[in-house]
Amino acid sequence: MSRVIVVTSGKGGVGKTTTSASFSAGLALRGFKTVVIDFDVGLRNLDLIMGCERRVVYDLVNVINGEANLQQTLIKDKHCPMLSILPASQTRDKDALTEEGVEKVIKDLIEMGFEYIVCDSPAGIERGAVMALTFADEAIVVTNPEVSSVRDSDRIIGILQAKSKRAKEGGEPVKEHLLITRYSAKRAADGEMLSYSDVADLLRVPLLGVIPESETVLQASNQGMPVIHAEENDAALAYQDCISRFLGETKPLQFVDYEKPSLLKRLFGG
Amino acid sequence: MNKPNTAPLDIKFAKIKAVTFSLRPAPLQESIDALKKRLGPTPGVYSAEPAVLDFSAWTEAELIEHGIGLGTYANLLKAAGVHLVEVRGHSALLETQAEELGLRYESGDTETVEPAPQATQPHPTVPEFDSARRTMVIDQPVRSGQKIYAQGADLVIMGQVSAGAEVIADGNVHVYGVLRGRALAGAAGDTQARIVSTCFEAELVAVAGYYLTFEGGFPEENRSKPTLIHLDHGSEPAVLRLKAINIR
């Protein structure tokens with residue numbers, strides 16, 4: 001059974017592409033045949049994060065227009081053999097995405113035996129974002145612990161419930177997961193940031209995980225490596241936990257509690 | 001599989017919902033004043049709504065006696081942002097005036113939604129406006145950017161109303177959850193309409209066009225608490241009041 005997962009947020013810069021990269025890599029590492037599609041036509045980024053930008057020959061729009069087939073277009077990930085990348089076009093815009101075209105691409109990917117199809121949504125609520133979520137079975141709503149991101153996530157969940165194929169056909173609704181990224185337990189404890197429980201409470205969507213803010217995320221992105229591959233890193237571990245929870249395991253939340261350093265620690269350094 | 005339809009044009013008949021302003025025989029100025037009052041102190045309650053002016057309660061003689069003044073009504077509605085699309089009645093005179101103004105004229109009574117049987121029982125305090133005929137129930141949270149309008153009905157939301165969402169009813173609005181967005185009751189002018197929320201944190205509440213915002217924060221006894229919002233007619237002009245309610 002194939003599952004189509006959209007990674008969406010409404011707001012830009014909250015970590016959709018980072019999450020798409022790590023989440024698809026995580027699923028592939030667990031042995032699932034996975035493909036990640038960049039829907040951000042015109043602002044292609046996923047290829048950079050995945051480190052395959054020099055191997056892009058054809059793209060999603062070429063496939064939709066019938067100028068290339070999927071076998072030619074899919075790029076094998078260099079870290080995990082079970083993962084393929086379907087890049088976006090940089091020279092076109094979102095109008096190049098048609099519902100029929102996207103539906104055919106997803107259907108063909110399912111026929112090729114991909115178990116998970118991860119759709120990396122562009123920011124916004126316009127065509128690109130709607131196309132990315134239309135065929136979703138599940139949605140990962142990426143949210144930063146701040147009010148504007150929460151509101152935009154709320155908006156995109158509404159759109160998901162109105163415009164997805166499942167919603168339109170009146171089937172079982174799209175399964176929603178909340179993923180809070182760039183979380184700082186200390187700043188939440190100091191009241192500078194919404195706490196993860198506040199965000200979950202505002203959005204009323206089951207919490208899949210909390211990814212701590214980490215410098216490694218940026219470093220990994222710059223090196224073209226999904227952060228989930230980073231060793232002994234909090235963000236990587238948190239993404240691993242999310243994969244486990246997504247696959248039905250129970251894992252306690254990590255990196256969400258802040259303990260004040262003791263006086264000795266403060267005096268002599270941790 | 002059906003062949004995809006590629007024709008550049010399809011023609012279908014669409015039914016649109018319109019607000020109907022039914023006027024009873026009265027002198028022109030009285031009717032104008034009544035309509036003015038109904039449109040509310042804040043323009044926007046009916047704005048962008050298509051509307052029908054219904055004179056079917058008038059005889060030709062009454063129309064002549066009181067004067068029709070269709071142009072005056074049309075201007076009044078236009079100023080409130082309402083799109084007058086049709087005039088109804090039983091008068092050739094009315095038809096001529098409507099035609100002059102480029103409005104559609106329909107002879108006969110307005111077709112309105114049949115009230116539910118229990119609602120036809122005379123109510124002890126019959127509001128001038130027959131609202132609350134049915135109840136629309138929403139079982140999902142209402143998300144930011146979503147707008148729910150219960151036309152001619154009460155609205156019940158079983159869940160939260162997020163900031164940036166709008167819940168509107170011609171009757172009452174009940175929110176069994178956190179109300180963080182906007183709630184507008186009596187949108188068609190029913191000043192008896194109320195809003196109830198089990199957890200009040202609204203951006204804006206309005207009844208029959210009277211509204212309140214909360215830039216300075218919520219009153220202590222209402223913040224995140226069960227609250228009733230109603231229009232207090234005891235003072236002039238009427239004031240929208242928040243009232244803490246005990247639901248335990």
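Labels below follow one simple rule: chain letters A, B, ... track the order of the sequence lines, proteins then strands, and each chain is numbered from 1. Side-chain atoms are counted along with the backbone in the values below, which use heavy atoms only and exclude waters and symmetry mates.
- Proximity to chain B (any heavy atom under 4.5 Å) is shown, for A/L202, by both the backbone and the side chain.
- Here B/L242 contributes atom CG and B/L212 contributes atom CG; the two are 6.0 Å apart, rounded to the nearest 0.5 Å.
- Residue A/G124 comes nearest to A/A129 through the heavy atom pair O-CB, 3.3 Å, listed as atom of the first residue, atom of the second, then distance.
- Residues B/L231 and B/A238 approach most closely at CG-CB, 4.0 Å, considering heavy atoms.
- The heavy-atom pair separating B/A206 from B/L240 by the smallest distance is CA-CD2, 4.0 Å.
- The pair B/D232-B/R241 meets the salt-bridge criterion, with a side-chain N (NZ, NE, NH1 or NH2) lying under 4.0 Å from an Asp/Glu carboxylate O.
- Side-chain contact between B/L155 and B/V175 is absent, with no heavy atoms from C-beta onward closer than 4.5 Å.
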Extract the chain B to chain A donor-acceptor pairs under 3.5 Å, no hydrogen or angle test applied.
from: B/R143; atom 1: NH1; to: A/D154; atom 2: OD1; distance (Å): 2.8
from: B/R143; atom 1: NH1; to: A/L203; atom 2: O; distance (Å): 2.7
from: B/R143; atom 1: NH2; to: A/L203; atom 2: O; distance (Å): 3.1
from: B/S144; atom 1: N; to: A/D154; atom 2: OD2; distance (Å): 2.6
from: B/Q146; atom 1: NE2; to: A/G158; atom 2: O; distance (Å): 3.3
from: B/Q160; atom 1: NE2; to: A/L202; atom 2: O; distance (Å): 2.9
from: B/S162; atom 1: OG; to: A/D154; atom 2: OD1; distance (Å): 3.1
from: B/S162; atom 1: OG; to: A/D154; atom 2: OD2; distance (Å): 2.6

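- Under the side chain to side chain contact (heavy atoms under 4.5 Å, CB included) criterion, A/A139 pairs with A/V6, A/L160, A/V174, not counting sequence neighbours.
- For chain B, the nearby parts of A/L203 are the backbone and the side chain; heavy atoms of each come within less than 4.5 Å.
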